[in-house]
Amino acid sequence: MVKQKFALEMKGVYKSYRDGDHMQPVLQDLNLTVSDGELVAVVGPSGLGKSTFLTIAGALQGADEGTVAVNGIQISGISQKGLTEVRRHQIGFIFQNHQLLPYLNAVDQLTAVQKLVGHRDEAAAKSLLTDLGLGDSLNKFPDQMSGGERQRTAIARAFINHPDLILADEPTASLDGARGYQVVEMIRREVKRFNKAGVIVTHDERVLDLMDRIFYLEDGRLVEKGA
Amino acid sequence: MNLALKDIRFHKAKYLLVELILVLLIFMVLFLSGLASGLGRAVSASIETMNAKQYVLSGDADQELAMSNLTQAQYDKLVENNSGKDITGLTISRSSVKRDGSGEQLSIVYMAVDPDGFLSPNVVKGSGLSDSGKGIVLDTSFRSDGYAVGDTVKDNASGYRFKVVGFAKDAMYSHVAVGFVAQKTYTAMRRALDPVYALSYNAAAVKGSGHVDVGSLERVSKADIVENLPGYKAEQMTITMILWGLEVVSAVILGVFFYILTLQKRREFGLLKAIGMRMREINGMLVTEILILAAGGAVIGNALAFGMAHFLPDSMPFYLQSANAGLLSVVFIVISLLFGAASTIQIAKVDPLDTIGG
């Protein structure tokens, strides 16, 4: 039997935090596999481990127990430096509140990230931004953009290096309903177009119809809707 | 890394203010350095420009020119014992002079030298000294008081009249402008008051730096002579203390600035870490930014200080040496970089986890 390589594979993940004098478990036996070209949502009210899930899936911190693999690369137990390299090459982040660098225009936001893995390719950056409807905003700085433009620039930044896994943290949080939906639609489009795995953490029920699979975070575990 | 440049270009106003402070700090340090060497030069310039490596003083003079006295006999013996060496006598005395036709008295230090010896002044205007005639070569500062070649000046003590034959640059001694006269002329002036005056010397100047047979006299290097000029050491110490005080204060201000700049960027650094930028790259960006700011500040500060030196009046003792300015600038940049390096500890503490909200 050939072992299938998943874009993201989390098995038996445990994570707890110290809360006063006892340990507060946040994730308990969490399992999740996401394949290429698949867009999944992780839904749950805030404060119940969504961020923790995202930071572990995104190689920002390690789990207490269990294994996490990104594109077949085992990231449990590796050093901070090793995690940095995984984030650099394997993962594209879309953060809440865009997190663009204030001093870079849209094109430079992307070329700065390109330089992390190779060489700047301004043409590719411009074409991706144009695909996302930002053709007229290529030279705009974040403070000149609308909320939707900023979040679309952030999407472009996450995809520009063609990472295997796209992680989005509440991408609709700062947008109104229509724009939020549009942004998630774009994430879906790019996930399908580049055949990447996408995981969106959200509490925004309105965008769930765009997902291939939906998971609810309950008591530290992921429960698939309809499963 | 060009992220640093783009950051500076985008936040023009902020970095302009930071740069302004850097420029002012380095300008202040350079300006003080110029004043320090200027004051030092006002005391020692005539000795510094003299073409002698060492001096022979009387043994009881404590290496101080003004306290030393060599009789003609002692001088002759010294020359005799060191045949083949270039040695010439130097006599120094203070007085005041008045130009014929002008009311103002000016202090002067006479330096009586052999017109054919190596202490004979380099004249920038007019002609040099000679044994014949009553010629005097004045420091150029006399020119701003209206003195010109061909004027007659009267020594106030003796009433003896010199004829101004030329001007020499940087002829200052203990804050007083120097008048060079030939030893014969000097003797004639002294004899106007004291008919039995015989020329004696403060020191014998030796051109080379090799060994000199001095007997009971004392051999003193040029540096020690300058060091022991009255007032020189005390002045230089005071100003050097102020200079270093300023340097330290500037360093602390710089440190605080760069620390705050780094703190302000914690969020950005968190993001850069989250998207996989290595610590080394982030530190490189910060250090590049500080290097640009500090080097820019140094260049502008130097331009200001040297530019201003042109517009200062001649009477102001300001003398900025490029070697000194260069050293201060480099120290300034190095201090900035050290503080920049210290700020990178802040970056190490930034947790990329903070980028994920909710």
Side-chain angles (χ1 to χ4, degrees), chain A residues 44-61 80-81 83-105 108-109 111-113 115-117 120 141-143 154 157-158 160-161 163 167-170 173-174 201-203, chain B residues 1-19 258 260-293 296 344-358:
Chain A
S46 42
L48 282 177
K50 275 188 304 174
S51 296
T52 305
F53 157 75
L54 200 65
T55 54
I56 291 173
L60 284 160
Q61 65 174 339
Q80 279 298 333
K81 270 191 178 170
L83 290 179
T84 300
E85 295 308 307
V86 170
R87 295 199 297 271
R88 186 181 181 110
H89 296 285
Q90 258 75 43
I91 299 174
F93 281 105
I94 300 164
F95 301 100
Q96 208 173 357
N97 301 321
H98 67 82
Q99 298 278 10
L100 298 173
L101 291 168
Y103 49 85
L104 297 180
N105 67 24
D108 287 339
Q109 300 281 352
T111 55
V113 176
K115 278 195 226 161
L116 293 180
V117 298
R120 65 182 269 139
F141 289 92
D143 62 357
R157 181 176 67 183
I160 188 69
N161 286 337
L167 293 175
D169 177 23
E170 303 270 12
S174 56
V201 167
T202 184
H203 65 274
Chain B
M1 181 167 250
N2 82 54
L3 278 185
L5 265 178
K6 291 207 162 118
D7 184 15
I8 291 173
R9 207 190 306 160
F10 184 78
H11 294 108
K12 276 188 214 86
K14 179 173 93 178
Y15 285 107
L16 219 74
L17 284 175
V18 172
E19 191 67 3
F258 290 135
I260 293 173
L261 275 184
T262 314
L263 279 189
Q264 281 188 330
K265 295 177 161 201
R266 281 182 67 98
R267 237 175 73 106
E268 281 168 31
F269 291 140
L271 166 74
L272 293 174
K273 279 185 175 185
I275 62 174
M277 200 180 252
R278 300 173 186 130
M279 268 299 288
R280 191 160 35 85
E281 293 164 332
I282 301 176
N283 290 344
M285 180 181 154
L286 182 79
V287 169
T288 309
E289 200 159 292
I290 289 174
L291 189 66
I292 291 171
L293 292 174
T344 58
I345 298 169
Q346 281 300 315
I347 305 178
K349 283 195 212 153
V350 175
D351 194 339
L353 282 183
D354 297 343
T355 321
I356 303 287

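Hydrogens, waters and symmetry mates play no part in the numbers below; they use all other heavy atoms, side chains included. By convention in this document, chain letters (A, B, ...) are assigned in the order of the sequence lines, proteins followed by strands, and residues within each chain are numbered from 1.
Across all non-hydrogen atoms, the minimal contact from A/Q61 to B/L353 is OE1-CD1, 3.7 Å. Here the shortest heavy-atom pairing between B/L3 and A/L104 reads CD2-CD1, 3.6 Å. Of all the heavy atoms in B/N2 and A/K115, the pair that sits closest is ND2-NZ, 2.9 Å.
Only the side chain of B/L271 has a heavy atom closer than 4.5 Å to any heavy atom of chain A. For chain B, the nearby part of A/D108 is the side chain; its heavy atoms alone come within less than 4.5 Å. Only the side chain of B/L272 comes within contact range of chain A, with at least one heavy atom under 4.5 Å from a heavy atom of that chain. With a 4.5 angstrom heavy-atom cutoff, A/P163 does not touch chain B via any of its atoms. Neither the backbone nor the side chain of A/Q80 comes within contact range of chain B; no heavy atom of the residue lies under 4.5 Å from a heavy atom of that chain.
Ranking A/N97, A/L60, A/V113 against chain B, the residue ahead of the rest is A/L60, based on heavy-atom pairs under 4.5 Å. With chain B as partner, the option from A/L83, A/L101, A/L54 having the largest number of non-hydrogen pairs under 4.5 angstrom is A/L101. Ranked by heavy-atom pairs shorter than 4.5 Å toward chain B, the options A/F141, A/Y103, A/F93 are led by A/Y103.
Counting only distance, with no hydrogens or angles, the side chain of A/R87 and the backbone of B/K273 share a donor-acceptor pair below 3.5 Å.
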Give the intermediate values and the outcome of side chain to side chain contact (heavy atoms under 4.5 Å, CB included) for residues B/F10 and A/D143.
CA-CA 11 Å; B/F10 184 78; A/D143 62 357; 3.7 Å; yes
Report the C-alpha distance between A/K81 and B/M279 in whole Å, list the side-chain angles of each, state the deciding distance to 0.1 Å, and finish with yes or no for side chain to side chain contact (heavy atoms under 4.5 Å, CB included).
CA-CA 9 Å; A/K81 270 191 178 170; B/M279 268 299 288; over 6 Å; no
Test A/R88 against B/E281 for salt bridge (Lys or Arg N to Asp or Glu O under 4.0 Å), laying out the working first.
CA-CA 12 Å; A/R88 186 181 181 110; B/E281 293 164 332; 2.7 Å; yes
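Interatomic distance, A/T84 OG1 to B/M277 CE, rounded to the nearest 0.5 Å: 11.5 Å. In this structure, the separation between CD1 on B/I275 and CZ on A/R157 is 5.5 Å, given to the nearest 0.5 Å.
Within a 6.0 Å radius of NE2 in A/H89, more than 12 heavy atoms belonging to other residues, nucleotides or ligands are found.
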